[in-house]
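All values reported here derive from a predicted model rather than from experimental measurement. Naming: A, B, ... by sequence-line order, numbering from 1 per chain.
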Number of protein chains: 2
Amino acid sequence: MTTLSESQDEHRHATRTDVAKLAGVSTAVVSYVVNNGPRPVAEATRERVVNAMNELGYRPNALARALKLRRAHAVGVVVPDVSNTFFGALARELSDQAFTAGYALMLGDANNDLERERAQIESLVSHQIDGLIITSLEPNSEADVRGTRTVYLDRRVQPGQTSIIVDDLGGAEKAVQHLVWHGRRRIAHIGGFATLPGADARLQGWMNACASAGLSTDGLLVRSDFTRAGGLNAGRELLARPDRPDAVFVASDVQALGLLAAAREAHVRVPEDLAVISFDGTDDAVFSDPPLTAIEQPIAALASAALAAVLTPEQPVQTRIPVTLVVRDSCGCPPMPHAD
Amino acid sequence: MTTLSESQDEHRHATRTDVAKLAGVSTAVVSYVVNNGPRPVAEATRERVVNAMNELGYRPNALARALKLRRAHAVGVVVPDVSNTFFGALARELSDQAFTAGYALMLGDANNDLERERAQIESLVSHQIDGLIITSLEPNSEADVRGTRTVYLDRRVQPGQTSIIVDDLGGAEKAVQHLVWHGRRRIAHIGGFATLPGADARLQGWMNACASAGLSTDGLLVRSDFTRAGGLNAGRELLARPDRPDAVFVASDVQALGLLAAAREAHVRVPEDLAVISFDGTDDAVFSDPPLTAIEQPIAALASAALAAVLTPEQPVQTRIPVTLVVRDSCGCPPMPHAD
DNA sequence: CTGTTAGCGCTTTCAG
DNA sequence: CTGAAAGCGCTAACAG
């Protein structure tokens, strides 16, 4: 009964013509039953076609379909580094939501490199994706997306470009204010390099809040990659400074993990000697030692806003995504049991 | 001088016909210069064509090319969950290496769900990818890949299927032997559910090594998802048992992170009261508290073996990938300073 | 209700 | 060295 095992061998897939021939109908009819329209098909005919399709193990060729319809049913996403927990979670959410909406996901990892990012965008665009979601390393560059609907995540606005703006600035301010409320006075910042998405706004928020509280920021800034190792080095440097900070606002969860390692090394207790708040609020923050108080980005909302922006005709050019402060143990608030 | 800004607006890309017209040549010639072959082109003509391409901002349509050549220059990968650090790192490596080889990457997240996995595979195959890399939730199923070159990562062999076999069994044995060497006698295992890739082999390795050392495994097994939360729950359960283990071999880094959290909660010291070794050896293991001794999978080697298997005609049907024990602090060996 | 057919943008054989 | 034309698999008029 299974001709399936046979069709495994042949390297040439069955085509619509084969099906039409076998079912004794025209190719148009096959199309109508596959797409369930746009013209009706007699029930008997439809059944013959369906049988033929099963017989041959027929699968529509999405490429040919895309070429004809000018719609690939695929969206692209490029991120600086998928192995960063935050981007990993984002990719997962996007893959899920895109799939549900009937779209495949093409992923381009920029490898934290501007030139690679450019090349990945180029590649995705040439594959005729229907939409492109970019967390760019270069907030000011105008990537050559050639008319592909594009949304920039987590970056500064550029005239005419549609973007999803996470409230990096407000979140950073909120974090620092919380540290101030805890009575901390020397509040340092481990930031991301200027090219990293959100880095500058988070830094700005730190400076604003410090200024408002009458705190100096001199000698309290170190920048690094959005990696654990980067956070470790930055943390070492900060903790080795003569006038050690009593709190740090960190620009990403992964960097905060590095800072915690540095603190352990230097026998600096968190939160007693050093209060820490990070940005992202991924699982990394939940399961660290101590668990990190963090500014949490709503990843699912981010993903769905991005997809909507790129897949739905009428959408606002700009969407603001709010963030929330989630208190755990690293800021000095009374510790809470693990949620689970 | 830039007609680029104009071509941004038009939603219909320039096509090969447009270029040919503008350059006053035939479409064949445009093809020859774009592909640098297969026929030679006079230098003067070539220049005219190149100018026309720039003028129009022409980009070849990869879909049309793929349809003609029966080669999409894209590979697909499906993983249970990209937000798992290990799969995230794998995806990054694959994106990188595939890009370098001239291929785009289509990502399908299975969401830890068998049905979703099946559907993602189906979708990728319909997009005519040149190769498919699967870490399957169902080591015994014969996914319907319809002649698409497919390689299974991290799963049991199936006759006729090509696969990259990580030495899960040997690695697990090595880990448990190390624990035995440390004098541990009640060595528990936090495993993955049977559907998770590698889970069963790692469990088997644990059982083998325990048997060889004359140790019982009764009441020392808990399974969970490959997630931090899963590891936390498993750890809580294990540590609450009357006859608490003095060591745990954990099937993944993320679960180990959960176990460490459970240990902190229960005031169980690692490694003094509880030695821990995990499987994966991602950055999660490097930056945890304490840093995790782990069986490390060589992700770059894995990725390149997978790509080779799927993109290169003559390749062995089976490749074995060795793993190594990387000693850090969680097993009870003298602690080492952070590498950097 | 069904068949014919013209393309989508590209490659490449076959003639000049 | 270059042009004309067939065709990859599919959709959707347009005709029956």
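If one axis is set at each end of the helix from C:dC1-D:dG16 to C:dG16-D:dC1 from five pairs, those axes are 50° apart, to 10°.
Side-chain atoms of A:R65 and A:N35 form a donor-acceptor pair, as typed in the model, at a separation below 3.5 Å. Side-chain contact of B:N84 with A:R92: a donor-acceptor pair under 3.5 Å is absent, judged by distance alone.
Comparing C:dC10, D:dG9, C:dG3 by their nearest atom to the side chain of B:A64 picks out C:dC10. Listed candidates were C:dC10, C:dC1, D:dG9. Nearest to the side chain of B:T15 is C:dC10. The side chain of B:V25 lies closest to D:dG3 when the candidates are D:dC1, D:dG3, C:dC1.
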Could you walk me through whether A:L67 and B:N61 satisfy the side-chain contact (heavy atoms from CB on, under 4.5 Å) test, starting with their C-alpha distance in whole Å, then the side-chain angles of each, then the deciding distance to 0.1 Å, before giving a yes or no? CA-CA 9 Å; A:L67 183 60; B:N61 180 326; 4.2 Å; yes

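Atom-to-atom, CD of B:E43 to C1' of D:dT2 comes out at 16 Å; the value is rounded to the nearest Å. Computed from coordinates, the B:R46 CZ to D:dT2 P distance equals 11 Å when rounded to whole Å. The distance between atom CG of B:N36 and atom P of C:dT12, rounded to the nearest whole Å, is 13 Å. In this structure, B:M53 places its CE atom 11 Å from P of C:dC10, rounding to the nearest Å. For the pair B:R59 CZ and C:dC10 P, the computed distance is 12 Å after rounding to whole Å. The distance between atom CG of B:D18 and atom C1' of C:dC10, rounded to the nearest whole Å, is 13 Å. Between A:H127 atom NE2 and C:dC10 atom P there is a gap of 13 Å when expressed in whole angstrom units. Taking atom NZ of residue A:K21 and atom P of nucleotide D:dC10, one finds them 13 Å apart after rounding to whole Å.
For the pair A:L132 and A:V151, the minimum side-chain heavy-atom distance is 4.5 Å or more. Contact of the A:Y58 side chain with the A:D18 side chain is not registered, since no non-hydrogen atoms from C-beta on lie closer than 4.5 Å. Taking 4.5 Å as the limit, some side-chain heavy atom of B:L105 sits within range of a side-chain heavy atom of B:V77.
The salt bridge (charged side-chain N to carboxylate O under 4.0 Å, His left out) pairs that include a residue from residues 117-127 of chain B are A:R59-B:E122, B:E115-B:R118, where partners are two or more places apart or lie in different chains.
OP1 or OP2 of C:dG9 lies within a sub-4.0 Å distance of a side-chain N or O belonging to A:R70.
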Which letter, B, S or -, goes with each nucleotide of nucleotides 11-16 of chain D from 5' to 3', with contact meaning a protein heavy atom under 4.0 Å? BBB---

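For the atom pair CG of B:L90 and CG of B:L153, the computed distance is 6.0 Å after rounding to the nearest 0.5 Å.
Both A:V41 and B:A62 lie near DNA chain C, and the one whose nearest nucleotide falls closer to the 5' end is A:V41.
Within 4.0 Å (heavy atoms only), B:T17 reaches no atom of the nucleic acid at all.
Using a 4.0 Å cut-off between charged side-chain N and carboxylate O, A:D109 and A:R116 make no salt bridge.
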